[in-house]
Amino acid sequence: RLRKWQRRIRVSNATERNLAFALSELDRMASALGLPRNVRETAAVIYRDAVDKNLIRGRSIEGVAAAALYAACRQCSVPRTLDEIAEVSRVSRKEIGRTYRFISRELGLKLLPTSPIDYVPRFCSGLSLKGEVQSRAVEILRQAGERELTSGRGPTGVAAAAIYISSILSGERRTQREVAEVAGVTEVTIRNRYKELAEKLDIEIIL
Amino acid sequence: MHGTPEESLKIENIVASAKVTDSLDLPTISSRIPGADYDKKRFPGVVIRMKDPKIAALVFGSGKVVLTGAKSVESLSQGLEILGGKLRDLDIEIDEHLTYTIQNIVTSADLGKPINLNKIAIGFNLDRIEYEPEQFPGLVYRLEEPKVVVLLFGSGKLIITGGKKPEDARLAVRKIITDLSNLGLL
DNA sequence: ATCTTACTTTGCAAAGC
DNA sequence: GCTTTAAAAAGTAAGAT
């Protein structure tokens with residue numbers, strides 16, 4: 001009797017200890033990425049749901065925590081790329097992505113693919129671009145979406161190209177190199193995307 | 001670059017397994033067959049590449065073999081016979097009638113026109129669908145019947161994999177067309 | 001700036017770590 | 001899960017020219 005009782009206490013302690021570790025991990029990563037409180041709380045909810053459904057079996061606490069944070073960022077419309085999450089995690093991008101797909105399916109998160117529009121505020125502030133430039137970039141992306149110019153393209157690259165174009169149209173030009181830097185894509189990608197957007201949306205870029 | 005989606009079906013690769021005998025001495029095989037790669041620390045099988053048909057074979061000590069790269073069932077048979085011949089040339093006893101089991105067939109196809117992957121993902125309510133353009137440009141659609149996986153691209157090109165029979169790809173394309181049509185996305 | 005090479009994803013078997 | 005093989009799709013990346 002006593003042993004059974006003690007085991008329950010041990011299991012309980014281990015469970016609580018693991019949860020505490022996971023939550024501190026979420027906080028550490030969220031801080032490193034400068035994420036707001038609501039994202040951390042959303043990630044914590046996702047992590048707890050994963051624990052309640054025994055989705056941790058065979059997976060590391062760190063991996064599930066990183067995947068939960070990745071999912072939370074998307075759910076809160078302040079996406080971080082898998083590479084950015086991986087940079088502040090001990091787990092590889094591949095493992096985080098794999099775990100994300102697993103918990104996403106098991107918890108029925110049903111997250112739509114990240115919209116390039118969700119990256120605009122962050123990238124623009126990183127480039128010190130004002131609201132007008134952001135609005136114009138968002139409008140370009142809205143039209144790009146309707147014209148099927150985003151199918152299969154990386155959201156960050158399309159967002160970067162739209163911001164590049166918008167900055168020029170607004171008279172607050174940022175170089176391809178500057179935009180590429182904050183968006184985490186190469187200048188070649190911005191070049192390819194912006195040429196396509198300009199051509200198909202009939203936008204005249206005067207350099 | 002035309003015709004119906006079904007006419008565009010093309011087998012790109014066939015993976016098959018076979019058993020040619022009960023046991024093989026890999027060191028001997030790798031040293032006596034020109035171009036054979038063998039590094040037990042790296043992988044437990046000997047890699048033997050044939051040029052016509054262009055097929056790669058993984059030969060194991062158990063006498064089992066894996067053939068990859070064939071673009072038709074006929075060339076797959078030829079490849080297995082050629083492999084058997086090479087081993088017999090080394091005075092190794094190889095089964096008289098070699099048989100194989102197709103494990104996977106990769107087929108390409110073309111719907112003929114661009115498709116909106118975002119709308120497809122939404123149309124299916126994410127059921128059996130995976131679409132992460134940040135990671136890969138193709139939308140992954142898992143079919144239950146036939147049991148294959150289809151990669152759909154914005155261009156309308158498709159890759160059907162996981163099937164064991166050539167006709168699985170044809171059935172898959174028909175289903176894709178039916179599903180997309182019902183959703184008004186084709 | 002453009003070319004080449006290469007990696008992402010999918011499916012599968014083999015023997016062994 | 002990984003290792004090795006093969007091949008396509010389209011996007012992105014990296015190093016060389």
Side-chain angles (χ1 to χ4, degrees), chain A residues 58-60 81-83 92-95 97-98 101 150-158 160 176 180 183-193 195-196, chain B residues 8-20 23-24 26 37-50 53-71 75-76 79 100-111 114 117 130-143 146-164 168-169 172:
Chain A
R59 263 162 283 268
S60 69
T81 63
L82 280 177
D83 282 328
S92 71
R93 189 213 85 259
K94 189 165 187 171
E95 178 62 25
R98 172 183 310 165
R101 290 179 202 169
T150 60
S151 258
R153 278 106 187 172
T156 55
V158 183
Q176 291 180 5
V185 298
T186 64
E187 295 169 64
V188 176
T189 292
I190 290 193
R191 210 167 289 143
N192 292 333
R193 292 300 132 243
K195 283 179 180 173
E196 182 175 52
Chain B
S8 72
L9 286 167
K10 179 189 176 191
I11 291 179
E12 303 286 358
N13 180 28
I14 299 179
V15 178
S17 57
K19 190 169 192 302
V20 298
S23 76
L24 291 168
L26 303 187
D37 288 344
Y38 183 45
D39 181 352
K40 190 155 195 174
K41 320 285 292 181
R42 196 181 173 214
F43 190 67
V46 178
V47 180
I48 296 175
R49 292 184 171 75
M50 294 169 272
K54 186 172 181 296
I55 291 173
L58 302 180
V59 182
F60 300 88
S62 62
K64 289 185 178 180
V65 158
V66 172
L67 299 168
T68 66
K71 288 190 177 298
S75 63
L76 171 60
Y100 58 81
T101 302
I102 291 180
Q103 305 289 177
N104 181 30
I105 298 179
V106 181
T107 305
S108 61
D110 190 350
L111 293 176
L117 303 183
E130 267 181 41
Y131 177 44
E132 300 289 334
E134 178 196 314
Q135 167 93 157
F136 186 68
L139 181 153
V140 183
Y141 182 20
R142 288 159 203 285
L143 300 201
K147 188 177 180 300
V148 301
V149 172
V150 182
L151 303 183
L152 298 89
F153 296 85
S155 64
K157 296 279 186 58
L158 316 171
I159 294 296
I160 303 87
T161 185
K164 308 269 193 204
D168 285 343

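Residue numbering restarts at 1 for every chain, and letters A, B, ... go by the order of the sequence lines.
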Sugar-phosphate only, base, or nothing, as touched by B:Gly45 at under 4.0 Å among non-hydrogen atoms: nothing
For a quick check of understanding: with a heavy-atom distance under 4.0 Å over all strands, which category does B:Gly63 fall into, base, sugar-phosphate or nothing? nothing
As a test of reading the structure: which of C:dA15, C:dT9, D:dT5 is closest to the side chain of A:Arg93, going by heavy atoms? C:dT9
Closest nucleotide among D:dT5, D:dA10, D:dA7 to the B:Ala56 side chain: D:dT5
Please give, in whole Å, the distance from C:dA14 P to B:Ile14 CD1? 18 Å
A:Glu187 has an atom CD; how far is it from atom P of D:dA14, in whole Å? 11 Å
Donor-acceptor under 3.5 Å (B:Ser23 side chain, B:Gly63 main chain): no
Give the rounded distance in Å between these two atoms: NZ of B:Lys41 and P of D:dT3. 17 Å
Using a heavy-atom cut-off of 4.0 Å across all strands, would you classify B:Lys71 as base, sugar-phosphate, or nothing? sugar-phosphate
Using a cut-off of strictly less than 4.0 Å, decide whether A:Arg98 has a side-chain nitrogen or oxygen near OP1 or OP2 of D:dC2. yes
Can you identify which nucleotide, out of D:dA8, D:dT3, C:dA14, has its nearest atom closest to the B:Val66 side chain? C:dA14
Let me know, please, whether B:Pro133 or B:Thr68 comes out on the 5' side of the other along DNA chain D by nearest nucleotide. B:Thr68
Return the pairing partner of C:dA14 with a 3.5 Å limit on both distances, Watson-Crick or G-U wobble; otherwise return none. D:dT4
Decide yes or no on salt bridge (charged side-chain N to carboxylate O under 4.0 Å, His left out) for B:Asp37 and B:Arg49, but give the supporting numbers first. CA-CA 9 Å; B:Asp37 288 344; B:Arg49 292 184 171 75; 3.4 Å; yes
Any A:Arg153 side-chain N or O less than 4.0 Å from OP1/OP2 of D:dG11: yes
Residue whose nearest DNA chain C nucleotide is more 5′ - A:Lys195 or B:Thr161: A:Lys195
Drop me the distance from B:Asp110's CG to B:Leu158's CG, to the nearest 0.5 angstrom. 7.0 Å
Let's test this: given Watson-Crick or G-U wobble pairing with both distances under 3.5 Å, identify the partner of C:dA6. D:dT12
Of the listed nucleotides (C:dT10, D:dA10, D:dT12), which one gets closest to any side-chain atom of A:Arg193? D:dT12
For B:Ser155, answer base if it contacts any base atom (sugar-phosphate contacts may also be present), sugar-phosphate if it contacts only those atoms, and nothing otherwise; contact means non-hydrogen atoms under 4.0 Å. sugar-phosphate
Do the side chains of A:Glu95 and A:Arg59 get close enough for a salt bridge, i.e. N-O under 4.0 angstrom? no
Using OP1 and OP2 only, check whether a side-chain N or O of A:Thr186 sits under 4.0 Å from D:dA13. yes
Look at all strands and tell whether B:Gly138 reaches a base, only sugar-phosphate, or nothing, counting heavy atoms closer than 4.0 Å. nothing
Rounding to a whole Å, what distance do you find between A:Ile190:CD1 and C:dA1:P? 13 Å
NA contact type, B:Ser62, heavy-atom cut-off 4.0 Å: base, sugar-phosphate, or nothing? sugar-phosphate
A:Asn192 vs A:Glu196, test: side chain to side chain contact (heavy atoms under 4.5 Å, CB included). Steps then yes/no. CA-CA 6 Å; A:Asn192 292 333; A:Glu196 182 175 52; over 6 Å; no
May I ask you to decide if B:Gln103's main-chain N or O and B:Lys164's side chain share a donor-acceptor pair within less than 3.5 Å? yes
In whole Å, measure the gap between the P atoms of D:dT3 and C:dC7 for me. 12 Å
5' priority, DNA chain D, between A:Asn192 and B:Asn104 [closest heavy atom]: B:Asn104
If you look at every strand shown and take non-hydrogen atoms under 4.0 Å, does B:Val148 touch a base, only sugar-phosphate, or nothing? nothing
Within the structure shown, what part of the strands sits under 4.0 Å from B:Lys10 by heavy-atom distance: base, sugar-phosphate, or nothing? nothing
Measure CG/B:Leu9 against C1'/D:dA7 and give the value in whole Å, please. 16 Å
Before accepting this row, confirm whether a basic side-chain N of the pair B:Glu132/A:Arg101 lies closer than 4.0 Å to the acidic partner's carboxylate O. no
To the nearest Å, how far apart are B:Leu151 CG and C:dG11 P? 8 Å
Taking atom P of D:dT3 as reference, at what distance in whole Å does atom NZ of A:Lys94 sit? 7 Å
Using atom CD1 of B:Ile159 as one end and atom P of C:dT9 as the other, report the distance to the nearest whole Å. 16 Å
Just one of B:Lys10, B:Lys157, B:Glu12 clears the side chain to side chain donor-acceptor pair (under 3.5 Å) bar with B:Ser108, so which one? B:Glu12
Looking at D:dA9, C:dT8, D:dT4, which one has an atom nearest to any side-chain atom of B:Phe43? D:dT4
Quick note, B:Val140 side chain, CB onward, closest among C:dA13, C:dT10, D:dA10 is C:dT10
Is A:Arg101 near enough to C:dT10 that one of its side-chain N or O atoms lies under 4.0 angstrom from OP1 or OP2? yes
Would you please confirm or rule out a distance under 4.0 Å between OP1 or OP2 of C:dA13 and any side-chain N or O of B:Lys19? no
For the side chain of B:Lys147, counting heavy atoms from C-beta on, which of D:dA9, C:dC12, C:dT10 is nearest? C:dC12
Checking contacts here: which listed nucleotide (D:dA6, C:dT9, D:dG11) is nearest the side-chain heavy atoms of B:Pro137? D:dG11
Do the side-chain N or O atoms of A:Arg59 get closer than 4.0 angstrom to the phosphate oxygens (OP1, OP2) of D:dG1? no
Would you say a side-chain N or O of B:Gln135 is under 4.0 Å from OP1 or OP2 of C:dT8? no
Assign B:Val106 to base, sugar-phosphate, or nothing according to its heavy-atom contacts below 4.0 angstrom with the strands shown. base
Of the listed C:dG11, D:dA10, D:dT12, the closest approach to the B:Arg142 side chain comes from C:dG11
